[in-house]
A.B. asks: 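Can you keep this structure in mind? I'll have questions shortly.
Just so it is clear, the structure is predicted and the values come from calculations on it, not from any experiment. Sequence lines set the chain letters: A, B, ... in the order given, protein chains first and strands last, and positions in each chain run from 1.
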Amino acid sequence: MELGGAQQLFARWLDAGTKIALALLAAGLLANVSGLLEPHLPPEQLARLWNLPLQEFLAASNAPTGWDWLALTHRGDYFNYLGIVLLASIVALAYLRMLPLLARHARAHALIAALELIVLFAAASGLLNSIAGG
Amino acid sequence: MHAADTVATTAALAWWIWPIALFIATFALGIVAVLSGVGGGVLFVPIVGSFFPFHLDFVRGTGLLLALAGALSAAPSLLASGLASLRLAMPFALVGSAASIAGALLGLALPAAVMQAALGATILAIATLMWRAQRSEFPEVSAPDRLAARLGLRGAFHDYASGREVAWQTHRTPAGLLLFAGIGLLAGMFGLGAGWANVPVLNLVLGAPLKLSVATSGVVLSVVDTSAAWIYLHSGAVLPLVTVPSILGVMLGAKVGARLLRVARGSTVRKVVIALLLVAGLRALLKGTGLWN
């Protein structure tokens with residue numbers, strides 16, 4: 001078993017997470033374009049702004065940054081963020097899940113996994129955006 | 001046509017035309033990506049960035065998520081079959097993911113014209129690299145370096161084409177780490193994915209067999225793109241109406257491409273992709289330098 005079975009475990013978590021995320025994305029798109037959930041930013045208005053640089057777009061659209069989208073998940077456009085954020089979280093969740101296995105069977109790779117989790121959590125926290133002024 | 005005219009023209013079209021056009025374009029890109037062995041992100045960013053009305057900031061955010069979705073979908077079966085190696089992917093993914101955060105922050109801070117021109121130059125360089133790239137089915141690695149030995153970067157996989165077990169080991173780990181830092185920086189900066197660079201480095205620099213390199217590249221990419229994707233998400237550079245149709249289009253296209261793989265001529269498709277990259281790269285370069293808006 002490669003890395004004490006961690007590779008197989010990692011594969012299973014990626015597989016399950018990706019399937020759920022893609023289903024959420026499809027459901028979100030349907031809710032968004034069908035008007036089932038009212039959007040935060042109507043698509044007609046979005047289409048007038050999506051050619052603007054990011055900072056100008058944010059100023060004109062009142063779109064959320066950081067984790068502020070969480071308060072808007074009842075809106076059609078930001079309901080989609082659930083699938084997108086899951087997609088961006090799968091690797092970290094899978095690393096976290098296999099860490100104990102690696103610690104028992106492959107110490108060097110356990111250290112690498114722990115460092116990777118620090119990098120991913122730093123990015124996911126939004127802290128690095130705040131430091132960079134984004 | 002001036003930039004203002006272009007904006008006015010695109011704004012006058014019904015909004016729903018763009019997600020549909022995006023879905024059709026990414027569906028086609030998904031087919032081409034599988035047939036040519038090129039990741040979707042490297043095609044998506046220059047083509048959509050050059051020919052669609054969305055600002056490059058949003059295109060790059062979507063490019064990363066699109067490459068991530070493709071890599072995450074392919075990785076489980078490759079890892080489960082042993083064709084991809086997590087043991088090999090992890091050290092290089094760590095360096096690449098840290099660098100991709102720096103790349104994403106840098107990309108979002110630089111002026112759009114500079115980014116557009118730099119993207120054009122990078123895409124033209126990638127097209128040249130793809131045109132001239134050599135590959136080695138089973139590179140010769142006489143002995144692993146000290147770091148590779150310490151990390152146990154060796155193993156074996158079953159090659160279904162030849163029906164035999166292929167043992168492998170790698171060397172030149174420090175050079176590989178340095179190169180993956182550069183790849184991560186570019187991936188984060190331009191939202192390109194990184195399969196175009198991962199495979200040559202794994203295969204020609206580290207000495208991993210070609211099939212293992214191709215399969216492991218996606219695992220590295222899934223980690224590298226994840227960290228950069230968070231930077232774009234937190235910045236507000238991910239628009240669901242642009243991102244979701246693109247991801248779904250490319251995923252469906254990839255499924256069709258996988259079916260066509262048996263009958264299509266990969267080398268011909270690859271030449272078409274290189275031609276597409278040259279056109280899109282040139283367009284991005286001209287757009288960035290203000291010569292063709």
A.B. asks: Measure A:Tyr95 against the heavy atoms of chain B and call it side chain, backbone, both or neither at under 4.5 Å.
C.D. replies: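 Contact with chain B: side chain only.
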A.B. asks: Less than 4.5 Å to any heavy atom of chain B: does that hold for the side chain of A:Phe79, its backbone, both, or neither?
C.D. replies: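 It is neither, since no heavy atom gets under 4.5 Å.
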A.B. asks: Report the distance from atom CZ of B:Arg60 to atom CZ of B:Phe58, rounding to the nearest 0.5 Å.
C.D. replies: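 If I round to the nearest 0.5 Å, the distance is 10.0 Å.
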A.B. asks: Count the heavy-atom pairs under 4.5 Å between each of A:Tyr78, A:Trp67, A:Trp69, A:Trp13 and chain B, then report the option with the highest count.
C.D. replies: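 Heavy-atom pair counts peak at A:Trp67.
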A.B. asks: Which of the residues A:Asn32, A:Leu102, A:Ile118, A:Val85 is involved in the greatest number of heavy-atom pairs with chain B at under 4.5 angstrom?
C.D. replies: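 Heavy-atom pair counts peak at A:Val85.
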A.B. asks: Please report the closest heavy-atom contact between B:Trp168 and B:Ala156, naming both atoms and the distance.
C.D. replies: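 Heavy atoms of B:Trp168 and B:Ala156 come nearest at NE1-N, 3.4 Å.
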A.B. asks: Indicate the atoms forming the closest heavy-atom contact of A:Leu14 with A:Ile90, along with that distance.
C.D. replies: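 The pair with the smallest heavy-atom distance is CD2-CG2, 3.6 Å.
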A.B. asks: For the atom pair CD (B:Gln169) and CG (B:Asp145), what is the distance rounded to the nearest 0.5 Å?
C.D. replies: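 Reported to 0.5 Å precision, the distance equals 10.0 Å.
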A.B. asks: Heavy-atom distance under 4.5 Å to chain B: side chain of A:Ile112, backbone, both or neither?
C.D. replies: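 Both parts, heavy atoms under 4.5 Å.
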A.B. asks: Is it the backbone or the side chain of B:Leu151 that comes under 4.5 Å from a heavy atom of chain A, or both, or neither?
C.D. replies: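 Interface part for B:Leu151: both.
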A.B. asks: State, yes or no, whether a side-chain contact exists between B:Arg87 and B:Leu153 at a heavy-atom distance under 4.5 Å.
C.D. replies: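 Counting from C-beta outward, B:Arg87 and B:Leu153 do come under 4.5 Å.
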A.B. asks: Which pair of heavy atoms, one from B:His234 and one from A:Ala124, lies closest together, and at what distance?
C.D. replies: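 Looking at all heavy atoms of both residues, the closest pair is NE2-O, 2.5 Å.
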A.B. asks: Using non-hydrogen atoms and a 4.5 Å limit, figure out which bit of B:Val238 sits close to chain A: side chain, backbone, both or neither.
C.D. replies: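 Interface part for B:Val238: both.
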A.B. asks: Go through the structure and list residues passing salt bridge (Lys or Arg N to Asp or Glu O under 4.0 Å) with A:Asp15, not counting sequence neighbours.
C.D. replies: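 Residues passing salt bridge (Lys or Arg N to Asp or Glu O under 4.0 Å) with A:Asp15: A:Lys19.
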A.B. asks: Output the option from B:Leu64, B:Ile231, B:Leu239 having the highest count of non-hydrogen pairs under 4.5 Å with chain A.
C.D. replies: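 So the answer, after comparing B:Leu64, B:Ile231, B:Leu239, is B:Ile231.
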A.B. asks: Measure B:Thr243 against the heavy atoms of chain A and call it side chain, backbone, both or neither at under 4.5 Å.
C.D. replies: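 Answer is side chain: those atoms of B:Thr243 sit under 4.5 Å from chain A.
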A.B. asks: Just to verify, what does A:Asp77 make a salt bridge (Lys or Arg N to Asp or Glu O under 4.0 Å) with, not counting sequence neighbours?
C.D. replies: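 None.
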A.B. asks: Would you mind telling me which of A:Gly126, A:Pro43, A:Ala108, A:Ser125 has the largest number of heavy-atom pairs within less than 4.5 Å of chain B?
C.D. replies: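 Highest number of heavy-atom pairs under 4.5 Å: A:Pro43.
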A.B. asks: Considering the options A:Gln55, A:Glu56, A:Arg48, which one meets the side-chain contact (heavy atoms from CB on, under 4.5 Å) requirement together with A:Leu52?
C.D. replies: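 Among A:Gln55, A:Glu56, A:Arg48, the one meeting side-chain contact (heavy atoms from CB on, under 4.5 Å) with A:Leu52 is A:Glu56.
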A.B. asks: Looking at chain B, which one of A:Leu58, A:Val33, A:Asp68, A:Val91 has the largest number of heavy-atom pairs inside 4.5 Å, strictly under?
C.D. replies: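 Looking at each of A:Leu58, A:Val33, A:Asp68, A:Val91 in turn, A:Val91 comes out on top.
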A.B. asks: Against chain A, work out which of B:Leu233, B:Val242, B:Leu65 has the most heavy-atom pairs shorter than 4.5 Å and name it.
C.D. replies: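 Top count of heavy-atom pairs under 4.5 Å with chain A: B:Leu233.
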A.B. asks: Looking at B:Trp15 and A:Leu46, would you say the former's side chain and the latter's main chain have a donor-acceptor pair under 3.5 Å?
C.D. replies: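 No, because the side chain of B:Trp15 does not come within donor-acceptor range (under 3.5 Å) of the backbone of A:Leu46.
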A.B. asks: Could you look at B:Ala84 and say if it's the side chain, the backbone, both or neither that has a heavy atom under 4.5 Å from chain A?
C.D. replies: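 When you check distances to chain A, only backbone atoms of B:Ala84 fall under 4.5 Å.
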A.B. asks: Against chain A, label B:Phe54 side chain, backbone, both or neither, depending on which of its atoms sit under 4.5 Å from a heavy atom there.
C.D. replies: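 Answer is both: backbone and side chain atoms of B:Phe54 are under 4.5 Å from chain A.
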A.B. asks: Pick one of side chain, backbone, both or neither for B:Ala80, based on which atoms fall under 4.5 Å of a heavy atom in chain A.
C.D. replies: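 It is both, since atoms from each part get that close.
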A.B. asks: Check whether A:Ala16 gets within reach of chain B through its side chain, its backbone, both or neither, counting any heavy atom under 4.5 Å.
C.D. replies: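 It is neither, since no heavy atom gets under 4.5 Å.
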A.B. asks: Is there a side-chain contact between B:Phe92 and B:Ile183 (heavy atoms, below 4.5 Å)?
C.D. replies: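 No. Closest side-chain heavy atoms not under 4.5 Å.
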A.B. asks: Please check: side-chain N/O of B:Ser235 versus main-chain N/O of B:Ala237, any donor-acceptor pairing under 3.5 Å?
C.D. replies: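 No: the side chain of B:Ser235 does not pair with the backbone of B:Ala237.
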A.B. asks: Which residues in residues 245-253 of chain B have a heavy atom less than 4.5 Å from any heavy atom of chain A?
C.D. replies: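 Checking residues 245-253 of chain B against chain A gives B:Pro245, B:Ile247, B:Leu248, B:Met251.
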A.B. asks: What part of B:Leu108 gets closer than 4.5 Å to chain A, counting heavy atoms only: side chain, backbone, both or neither?
C.D. replies: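 It is the side chain, since no backbone atom gets that close.
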A.B. asks: Quick one: pull up CG in A:Leu87 and CG in A:Leu82 and give me the separation to the nearest 0.5 Å.
C.D. replies: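 Here the interatomic distance stands at 12.5 Å.
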A.B. asks: Can you list everything that forms a salt bridge (Lys or Arg N to Asp or Glu O under 4.0 Å) with B:Arg283? Sequence neighbours excluded, please.
C.D. replies: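 Applying salt bridge (Lys or Arg N to Asp or Glu O under 4.0 Å) to B:Arg283 gives none.
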